[in-house]
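I have placed the structure first, in the form of structure tokens, so that the comments after it can refer back to it.
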Amino acid sequence: MYTQKIQNLIVSSLKKRYPNINIQSLSKDGLLVQKSPDSIDSDYGSSVALRLTKFVKKHPMDIADILYKYLNDTKPDFIDEIKIINPGYLNFSINKKHISSNIKTLALNSGTLDNLFNKKNRNIQIEFVSANPTGPLHVGHIRGAVYGSALSKILNYYGFNVKNEYYVNDAGNQIKEFGISILNQMPNIKLKNKINSNEDSYKGAYISDLAHSIQNEISNLEISEQEIIGNVTKIGVQKMLDIIKKDLNNLNVNFDNWFHETQLFSDKTLDQVLKLLSDKKLILKQDGATWFLSKKLGDERDNVLIKKDLSHTYFFSDIANHYNKFCIRKFDKVINIWGADHQGHIKRTKLAMESLGVKSENLEIKISQMVTIKKGSEKVKISKRSGEYVTLSEIVTEVGSDACRYFFLSRTPDSQLTFDIELAKSQNASNPIYYIQYAHARLTNLIENAKKLNIDFNKISEIHLESDKEISIAKKILEFPEVIEQIAKELEPHHITRYCLELASEFHSYYQSEKIIDEKEIKKTVSKILLSKAILNTVKKCLDLMMISSPKNM
RNA sequence: GCCCGCGUAGCUCAGUGGAUAGAGCAAUGGGUUUCUAACCCAUGUGUCGAAGGUUCGAAUCCUUCCGCGGGUGCCA
């Protein structure tokens with residue numbers, strides 16, 4: 001919470017002394033304050049004087065000296081001391097009483113953490129997972145599922161109005177192939193023209209399971225072959241989606257809406273989009289196909305929307321899907337989380353949306369990189385069609401939702417990761433999540449034990465944090481809003497895993513080094529319990545945001 | 001070939017202009033008649049893939065190169 005406050009101080013003194021200097025030109029994101037490294041004897045530092053040397057032809061120490069006078073004159077009470085350090089840093093120490101009083105509020109007013117951020121009055125949709133309903137989710141989908149659900153939760157906490165969506169590709173070739181694959185495993189259904197199952201057909205045990213369970217729901221008589229194929233496919237997709245939903249549920253992932261691609265056909269969104277693009281002279285019929293002229297807009301090549309056989313490409317549906325999000329359902333912002341195999345689609349999708357009048361910055365497409373699977377030293381290939389792959393539910397059952405979520409959440413989505421199944425199974429006791437949960441359980445117990453002292457916390461006027469460890473934990477707790485803010489801005493929730501681990505670590509160390517409940521030292525005990533409560537509330541909030549359970553006993 | 005991402009400790013990874021580059025795991029040694037030992041304390045390791053450049057300052061930005069993965073379909 002202090003970073004922003006100090007930032008404001010610096011900005012206002014800059015405006016007074018150097019009114020002509022643009023803050024943005026001093027730092028990319030405009031931020032001029034950062035936490036001091038551990039080795040430095042202060043809490044926050046600013047390199048603003050060093051940065052100013054570009055514009056003010058003076059020694060940075062002299063500039064720091066000038067700014068110091070401005071800052072010191074208006075020094076608010078949360079700052080104890082401002083120091084100038086070589087080669088020109090301005091360093092700030094935070095007042096301990098101010099920290100203590102914040103901790104007290106956090107400990108006693110349970111709503112404090114729930115009301116840290118203002119409502120933003122902005123509707124955001126996050127679309128993630130969106131795997132084709134032609135097979136169960138595999139281990140790679142865990143990443144997108146965890147990333148999307150945690151990000152959604154955090155953005156919502158930050159004050160946005162967020163909706164989660166799963167886009168169901170229930171049209172097109174893959175679905176057709178899926179339906180036929182099921183039909184081919186239904187010996188009771190005899191079709192006049194035997195359908196040739198080709199290399200692209202789906203295999204795997206789940207196909208025959210589906211065939212078996214659908215068999216009874218299909219009547220072979222009275223209806224045409226086309227209808228049989230249609231019905232089997234439809235039921236197959238529905239059953240597959242039920243399985244997918246259940247699997248995601250076990251990972252604590254839920255969606256507000258399941259949007260079906262077929263809706264874009266039935267409500268004529270596709271036609272509408274085609275007309276709009278056509279009006280902009282971005283459509284061309286050539287070689288029997290209908291093209292979107294994306295090259296005109298800066299793409300490497302044009303792209304087909306309607307194929308020679310009159311079927312639609314995925315890209316066409318995708319434009320319509322996004323048109324629906326922005327122009328029909330009126331979301332202010334849409335965040336898509338796509339697998340790395342879709343990164344080639346980003347540019348053309350954005351170009352298409354821009355040509356339909358959507359501002360580029362309102363469509364955020366985040367890529368979650370590949371997960372490669374290892375079983376010990378053996379590499380595992382993922383192939384949905386061959387049916388040879390490790391499923392999401394297999395991993396979640398083996399490793400547990402909590403450990404799974406923490407593991408996948410703790411990496412940035414930008415970098416590929418290797419998931420060793422053997423290691424995940426064997427290592428789950430050393431997964432840092434248990435360390436954090438243990439801190440939560442210890443804290444809960446501690447607070448429970450403290451009730452025996454019958455302290456009336458309403459009568460406490462102020463608390464006194466004394467030891468270095470106490471102050472350090474308190475500062476850590478007060479960093480929480482900044483962590484959330486960073487995640488909301490960068491859309492990268494992995495920062496919370498580290499933060500929470502660090503907080504838990506400081507607590508474990510504190511717990512070991514000092515006795516917290518001491519009946520002979522009630523005054524000190526009160527402060528320590530309040531600090532513990534503040535830690536507990538913060539750890540609990542982190543776990544909730546990660547959608548990981550908070551056990552009271554371990 | 002071109003486009004996107006990645007390359008940081010033995011392993012898995014944070015850090016993306018700022019101060020002496022950090023965690024977890026693994027390793028070694030110690031710790032509780034005391035609020036939960038799934039804990040704590042101590043000990044080490046780095047050509048930040050390579051080279052050049054920009055800068056007061058580079059793991060971070062730029063250029064080139066090397067390595068790994070993905071994309072480059074009238075597939076999804």
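Chain identifiers are assigned alphabetically (A, B, ...) following the order of the sequence lines, protein sequences preceding nucleic acid strands; residue numbering begins at 1 within each chain.
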*Pairwise distance CD(A:Glu300) to NZ(A:Lys295) - rounded to 0.5 angstrom*: 10.0 Å

*Answer yes or no: side-chain N or O of A:Asp38 and base N or O of B:rA19 forming a donor-acceptor pair under 3.5 Å.*
no

*Could you tell me whether A:Arg51 sits above the aromatic face of A:Phe55, with NZ or CZ closer than 6.0 angstrom to the six-membered ring centre and within 45 degrees of the axis?*
no

*Check every atom of B:rU72, B:rA76, B:rA37 against the side chain of A:Tyr438 and return the nucleotide holding the closest atom.*
B:rA37

*asked:* Going by salt bridge (charged side-chain N to carboxylate O under 4.0 Å, His left out), name the residues that satisfy it together with A:Lys451, two or more places apart in sequence or in a different chain.
replied: A:Glu448

*side-chain N/O A:Asn431 vs B:rU12 OP1/OP2, d < 4.0 Å*: no

*Taking any strand in view, what nucleotide pairs with B:rA19 in a Watson-Crick or G-U wobble way, both distances under 3.5 Å?*
none

_A:Arg498 side chain vs A:Ser410 backbone, donor-acceptor pair below 3.5 Å_ = no

*Protein-nucleotide distance (A:His495, atom NE2; B:rU16, atom C1'), rounded to Å*: 10 Å

*asked:* Assess whether a salt bridge exists between A:Lys528 and A:Glu514, defined as any Lys/Arg side-chain N lying under 4.0 Å from an Asp/Glu carboxylate O.
replied: yes

*asked:* As a test of reading the structure: which of B:rA76, B:rU36, B:rG5 is closest to the side chain of A:Asp414, going by heavy atoms?
replied: B:rG5

*Do A:Glu479 and A:Lys35 meet the salt-bridge criterion of a basic N to acidic O distance under 4.0 Å?*
yes

_For the P atoms, the ones on B:rC61 and on B:rG17, what distance do you get once it is rounded to whole angstrom?_
7 Å

*Across the strands shown, which category fits A:His494 at heavy-atom distances under 4.0 angstrom: base, sugar-phosphate, nothing?*
sugar-phosphate

*Would A:Lys476 count as a cation-pi partner of A:Tyr499, with NZ or CZ less than 6.0 Å from the six-membered ring centre and within 45° of the ring normal?*
no

*Contact class for A:Asp41 vs. all strands (heavy atom < 4.0 Å): base, sugar-phosphate, or nothing?*
nothing

_For B:rA38 and A:Tyr434 - does any side-chain N or O of the residue sit under 4.0 Å from the phosphate oxygens OP1/OP2?_
no

*Quick one: on RNA chain B, does A:Arg498 or A:Pro432 contact a more 5' nucleotide (nearest heavy atom)?*
A:Arg498

*asked:* Using ring centroids (six-membered ring only for Trp), state whether A:His312 and A:Phe265 fall under 6.0 Å.
replied: yes

*Ionic contact status for A:Asp518 with A:Lys524, cut-off 4.0 Å*: no

*Which whole-number value in Å describes the distance from A:Arg143 CZ to B:rC13 P?*
9 Å

*In whole angstrom, what separates A:Glu521's CD from B:rU34's P?*
20 Å

*From the list B:rA76, B:rC74, B:rC41, which nucleotide is the closest neighbour of the side chain of A:Lys469?*
B:rC41

_Assess whether a salt bridge exists between A:Glu521 and A:Lys515, defined as any Lys/Arg side-chain N lying under 4.0 Å from an Asp/Glu carboxylate O._
no

*Take atom C1' in B:rC39 and the same atom in B:rA50, then report the distance between them in whole Å.*
44 Å

_For A:Trp291, is there any backbone N or O sitting under 3.5 Å from a side-chain donor or acceptor partner on A:Asp302?_
no

*Send over the distance from A:Glu492 CD to B:rC13 C1', rounded to a whole Å.*
14 Å

*Would you mind pulling out the nucleotide paired to B:rU55, Watson-Crick or G-U wobble, both distances under 3.5 Å?*
none

_Of the listed nucleotides B:rC35, B:rG69, B:rU36, the one nearest the side chain of A:Gln416_ = B:rG69

*Considering Watson-Crick and G-U wobble pairs with both distances under 3.5 Å, what does B:rC65 pair with?*
B:rG49

*asked:* With a 3.5 Å limit on both atom pairs, tell me what B:rC2 is paired to, counting Watson-Crick and G-U wobble, or say none.
replied: B:rG71

*Round to the nearest Å and state the distance from A:Asp341 atom CG to B:rG5 atom P.*
16 Å

*When we call it a touch if two heavy atoms are under 4.0 Å apart, what does A:Ala289 touch: a base, just sugar-phosphate, or nothing?*
base

*Quick one: is the NZ or CZ of A:Arg348 closer than 6.0 Å to the six-membered ring centre of A:Phe292, and within 45° of its axis?*
no

*Between atom OH in A:Tyr314 and atom P in B:rG71, what is the gap in whole Å?*
14 Å

*A:Lys520 NZ - B:rU34 C1' separation (whole Å)*: 11 Å

*asked:* Among residues 506-514 of chain A, which ones have heavy-atom contacts with RNA chain B below 4.0 Å?
replied: A:His508, A:Ser509, A:Tyr511, A:Gln512, A:Glu514

*asked:* Quick check on the 6.0 Å ring-centre criterion: do A:Tyr147 and A:His494 meet it?
replied: no

_A:Tyr89-B:rG18 aromatic stacking (under 5.5 Å, under 30°)_ = no

*OP1 or OP2 of B:rG73 less than 4.0 angstrom from a side-chain nitrogen or oxygen of A:Lys307, does that happen here?*
no

*Look at the side chain of A:Thr412 and decide which nucleotide, out of B:rA38, B:rG70, B:rA14, has an atom nearest to it.*
B:rA14

_Suppose you measure atom P in B:rU47 against the same atom in B:rA21; what distance do you get, rounded to whole Å?_
13 Å

Contacts under 3.5 Å, N or O only, protein and nucleotides 54-60 of chain B:
none

*Please determine if a side-chain N or O atom of A:Asn445 lies less than 4.0 Å away from the OP1 or OP2 oxygen of B:rC35.*
no

_Nearest-nucleotide 5' precedence on RNA chain B, A:Thr418 against A:Lys552_ = A:Thr418

_Paired nucleotide for B:rU60 [Watson-Crick or G-U wobble; both distances under 3.5 Å]_ = none

*Find the distance A:Trp338:CH2 to B:rG70:P and express it as a whole number of Å.*
19 Å

*Using Watson-Crick or G-U wobble geometry with both distances below 3.5 Å, tell me the partner of B:rC11, or none.*
B:rG24

_Pairwise C1' distance for B:rC11 and B:rG44, with rounding to whole Å_ = 16 Å

*Separation between the P atoms of B:rG49 and B:rA9, rounded to whole Å*: 8 Å

*Nucleotide of B:rC39, B:rC35, B:rA76 approaching A:Arg442 most closely (side-chain heavy atoms)*: B:rC39

*Does a distance-only test, which skips hydrogens and angles, find a donor-acceptor pair under 3.5 Å between the side chain of A:Gln343 and the base of B:rG70?*
yes

